[in-house]
Amino acid sequence: PRETRLEISTPSTTRPWSIAISPDGLTIAFVAESEGVPTLWVRPLNAVAARPLRGTSGATDPFWSPDSQSIGFFANGKLKRIDLSGGAPQSLADALQPYGGAWSRNGTIIFAPHQLSPLLQVSADGGVPSAVTQLAPGHVGHMFPRFLPDGVHVLYFVDGGPTDIRGAYIGRLDGTPPRKLLSVREPAAYASTGHLLFVRDNEIFAQAFDVARLELRGSAFRIADRVAARLGDYAHLAAISTSNTGDIVYRGAGIASGRQLTWYNRSGEPVRRVGPADPFRVQDTLSVSPDGQRVALCRTVDGNLDVWIMDLTRNGAMTRVTLDPAEDIAP
């Protein structure tokens with residue numbers, strides 16, 4: 001079929017990475033604000049508007065069941081599921097700081113309960129989770145799993161201290177040691193067109209992927225740019241979701257010029273802005289000096305995450321203080 005592109009407007013969201021298209025390609029699930037609270041919404045592509053799902057306050061990281069009739073998601077420290085046919089969400093397992101999940105054809109859900117964990121598996125009806133992967137030396141955590149078409153192999157993101165470890169890996173549910181497939185800073189996804197999709201510098205690339213040999217072929221080519229990303233503690237995680245029909249959905253980056261640091265009083269009212277808005281992916285972890293004149297924070301500049309010092313007495317002037325090619329975080 002010929003290429004077709006469309007845009008869908010959504011309510012505002014603080015979780016742009018939380019988006020997923022159903023396997024049948026007919027419905028998009030995403031997280032957006034509802035009465036000021038992050039909530040799971042669904043938008044059938046043959047409808048004129050999206051609707052929020054009741055009981056999903058605090059939702060993040062949705063993923064679909066293989067039959068496109070249920071959605072897995074995380075909220076309030078739990079892995080949950082909700083059926084589109086109706087009813088309240090069901091809690092399946094603990095997940096205090098989740099980093100994605102996937103639902104297999106055999107009724108098993110694999111998920112990352114937090115950023116320092118191997119992948120766990122649990123029945124889609126709930127139960128006691130068990131480990132699917134093991135953290136090898138240098139692995140910080142296993143995140144954002146995606147099942148390949150055979151239902152046995154799993155594509156997931158491995159974060160690690162050394163940059164030569166971080167990337168997209170392929171493993172099996174039987175615990176076979178995984179194999180690194182691609183060096184990337186963000187999770188990859190498999191498209192039913194026979195391509196692996198991945199993000200570099202906020203652009204989506206596709207590269208032919210042999211699912212029988214589990215090998216990349218040919219050269220990568222760009223298919224989209226300006227992708228919104230999650231600013232996590234370790235990796236910058238952009239959301240790409242694929243369907244069994246070949247359709248792809250992703251969240252486009254906004255046109256805002258960057259994150260703006262602002263002083264607030266204890267009543268929650270803004271007092272004054274600090275320097276200009278920063279376009280370089282300022283993270284949430286920052287620390288104000290005891291004398292109130294400087295701020296230590298993390299920024300991603302030229303693809304590298306480092307600690308910088310902002311001088312509040314010089315209109316937010318920035319000085320870089322770490323130079324290591326590995327990620328330097330949480331000052």
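Hydrogens, waters and symmetry mates are skipped; everything else that's a heavy atom, side chains included, is used. Positions are given from 1, in the same order as the sequence printed here. None of the values given here were measured: they were computed from a predicted structure.
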Would you say CZ of Arg314 has more than 12 non-hydrogen atoms from neighbouring residues, nucleotides or ligands within 6.0 angstrom? no
In terms of heavy-atom contacts, does CZ of Arg222 have more than 12 from other residues, nucleotides or ligands at under 6.0 Å? yes
Are the side chain of Arg81 and the backbone N or O of Ala124 linked by a donor-acceptor pair below 3.5 Å? yes
Are Phe63 and Ile82 joined in one hydrophobic group, where the rule is that I, L, V, M, F, W and Y side chains link up if heavy atoms are under 4.5 Å apart? no
Enclosure of Arg51 CZ (heavy-atom neighbours >12, cutoff 6.0 Å): no
For the student: nearest non-hydrogen atoms of Phe74 and Leu79, plus distance: CE2-CD1, 3.6 Å
Indicate, with yes or no, if the rings of Tyr169 and His139 have centres closer together than 6.0 Å. yes
Which pair of non-hydrogen atoms, one from Leu181 and one from Leu216, has the smallest distance, and what is that distance? O-CD1, 3.8 Å
Shortest non-hydrogen contact from Ser68 toward Leu84: O-CD1, 4.0 Å
Tell me whether Arg299 is salt-bridged to Asp306, with the criterion being a basic N under 4.0 Å from an acidic carboxylate O. no
Ignoring hydrogens, what is the shortest heavy-atom contact between Val184 and Ala168? Give both atom names and the distance. CG2-N, 3.7 Å
Salt-bridge criterion met for Asp61 and Arg15 (N-O under 4.0 Å): no
With a 4.5 Å heavy-atom cut-off, do Trp64 and Ser241 have their side chains touching? no
Evaluate whether atom CD of Gln134 has more than 12 neighbouring non-hydrogen atoms of other residues, nucleotides or ligands under 6.0 angstrom away. no
If the plane angle is over 60° it's perpendicular, under 30° parallel, otherwise tilted; pick one for Phe209 and Tyr190. perpendicular
Enclosure of Arg294 CZ (heavy-atom neighbours >12, cutoff 6.0 Å): no
What are the two closest non-hydrogen atoms of Phe111 and Ala95, and how far apart are they? CE1-CB, 4.3 Å
Should the heavy atoms of other residues, nucleotides or ligands under 6.0 Å from CZ of Arg320 be counted, would the total exceed 12? yes
Checking the side chain of Thr27 only, and the main-chain atoms of Ser22 only, is there a donor and an acceptor separated by less than 3.5 Å? no
Student check: side-chain heavy atoms of Leu261 and Leu286 closer than 4.5 Å: yes
Counting N and O atoms only, with roles assigned by atom type, does the side chain of Glu33 sit under 3.5 Å from a partner on the main chain of Pro11, one being a donor and the other an acceptor? no
